[in-house]
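Numbering of residues begins at 1 and proceeds along the displayed sequence.
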Amino acid sequence: QVQLVESGGGFAHTGDSLRLSCVASGVTFFDYAMAWFRQAPGKEREFVACIRFSGRGTNYTDSVKGRFTISRDNAKNTVYLQMNSLKPDDTAVYFCAGVRGYEVPTFHTAYDYWGQGTLVTVSS
């Protein structure tokens, strides 16, 4: 049974940093591209960042470039999202997602497995 479990969300002020983690189980983690999406209240789920199985290819939505960094540790079956210079617009539930293969899609319908989400609240 595949499980993705996120942690690290919480409350932050503008300019603060948080690091999200997502631990995968029930899969051969190295076979999977991983991504982070987020969903703010009343809005659709939005792509944030993704990373290739090897960790060598990454992609980000424009609004987080230069502030967020996605990384992975395949030995620990874990993907991370380091979030710096947080803004109130970053407030959302953050989900990690995984899909088997080489490609790293940016649309949520391409991903097979999802975590339960972790809430990030950024106050001004």
Side-chain angles (χ1 to χ4, degrees):
Q1 182 180 356
V2 177
Q3 276 195 315
L4 301 178
V5 180
E6 302 100 332
S7 61
F11 181 85
H13 292 286
T14 297
D16 285 352
S17 297
L18 286 174
R19 189 176 82 154
L20 306 183
S21 300
C22 172
V23 180
S25 60
V27 295
T28 303
F29 188 66
F30 185 75
D31 289 345
Y32 283 75
M34 300 296 295
W36 288 95
F37 289 79
R38 66 186 179 186
Q39 189 164 16
K43 294 188 177 181
E44 294 187 354
R45 193 163 297 191
E46 173 191 29
F47 166 76
V48 176
C50 58
I51 188 166
R52 208 177 292 279
F53 69 97
S54 64
R56 292 195 178 101
T58 58
N59 194 10
Y60 299 88
T61 192
D62 286 346
S63 63
V64 308
K65 284 180 180 176
R67 300 189 298 122
F68 291 10
T69 303
I70 188 171
S71 62
R72 65 191 293 162
D73 184 338
N74 287 339
K76 295 182 178 180
N77 283 13
T78 302
V79 60
Y80 304 98
L81 186 68
Q82 178 66 44
M83 304 186 296
N84 298 331
S85 303
L86 282 163
K87 304 175 181 180
D89 284 350
D90 296 319
T91 295
V93 177
Y94 283 71
F95 300 89
C96 74
V99 61
R100 187 172 181 176
Y102 181 78
E103 299 301 324
V104 277
T106 61
F107 42 98
H108 67 86
T109 54
Y111 286 82
D112 297 320
Y113 301 107
W114 291 84
Q116 82 289 349
T118 186
L119 177 62
V120 172
T121 304
V122 184
S123 171
S124 58

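- Residues satisfying the side-chain contact (heavy atoms from CB on, under 4.5 Å) test with Q3, not counting sequence neighbours, are S25.
- V64 places a side-chain heavy atom less than 4.5 Å from the side chain of R38.
- Here the options are F37, F95, Y111, the test is ring-ring contact (aromatic ring centres under 6.0 Å, His included), and the partner is F47; only F37 passes.
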> salt bridge (charged side-chain N to carboxylate O under 4.0 Å, His left out) between D90 and K87: does it pass, once the steps are laid out?
Replying inline: CA-CA 5 Å; D90 296 319; K87 304 175 181 180; over 6 Å; no

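- V99 has its side chain within reach of P105: a pair of non-hydrogen atoms, C-beta onward, lies under 4.5 Å apart.
- Smallest separation of non-hydrogen atoms from L20 and M83: CG-CE, 3.8 Å.
- Residue Y80 holds its OH atom at 9.0 Å from OG of S7, rounded to the nearest 0.5 Å.
- With hydrogens and angles ignored, the 3.5 Å screen pairs no side-chain donor or acceptor of T78 with any backbone N or O of R72.
- Classified by interplanar angle (parallel below 30°, tilted 30° to 60°, perpendicular above 60°), the ring pair F53/F30 is perpendicular.
- Note: the hydrophobic cluster containing V104 does not contain L81 (ILVMFWY, side chain heavy atoms under 4.5 Å, direct or indirect links).
- Smallest separation of non-hydrogen atoms from S85 and R67: O-NH1, 2.9 Å.
- What you find for P88 and S123 is that their closest heavy atoms are CG-C, 4.5 Å.
- We find the CG-CD distance between L4 and Q116 to be 9.0 Å, quoted to the nearest 0.5 Å.
- Annotation for E6 and Y94: closest pair OE2-O, 3.9 Å, computed over non-hydrogen atoms.
- Rounding to the nearest 0.5 Å places CG of N59 at 9.5 Å from CD1 of I70.
- Here disulfide bond (SG atoms under 2.5 Å apart) pairs that include residues 27-74, with residues two or more places apart or in two chains, number zero.
- To the nearest 0.5 Å, the span separating OG on S63 from CZ on F68 amounts to 7.5 Å.
- Counting heavy atoms from C-beta on, the side chains of L18 and L86 come closer than 4.5 Å.
- With a 4.5 Å cut-off on side-chain heavy atoms, Y32 and D112 do not count as touching.
- Residues meeting the ring pair (Phe, Tyr, Trp, His ring centres under 6.0 Å) test with Y60, sequence neighbours left out: none.
- The two atoms that bring V93 and L119 nearest to each other are CG2-CD1, 3.9 Å, heavy atoms only.
- Note that CG of N77 and CE of M34 are 9.5 Å apart. Values are rounded to the nearest 0.5 Å.
- Between V122 and D16, every side-chain heavy-atom pair lies at or beyond the 4.5 Å cut-off.
- In plain terms, the two heavy atoms of S17 and Q82 that are nearest each other are CB-NE2, 3.9 Å.
- In the hydrophobic clustering of ILVMFWY residues, with side-chain heavy atoms under 4.5 Å counting as a link, W114 and I51 come out apart.
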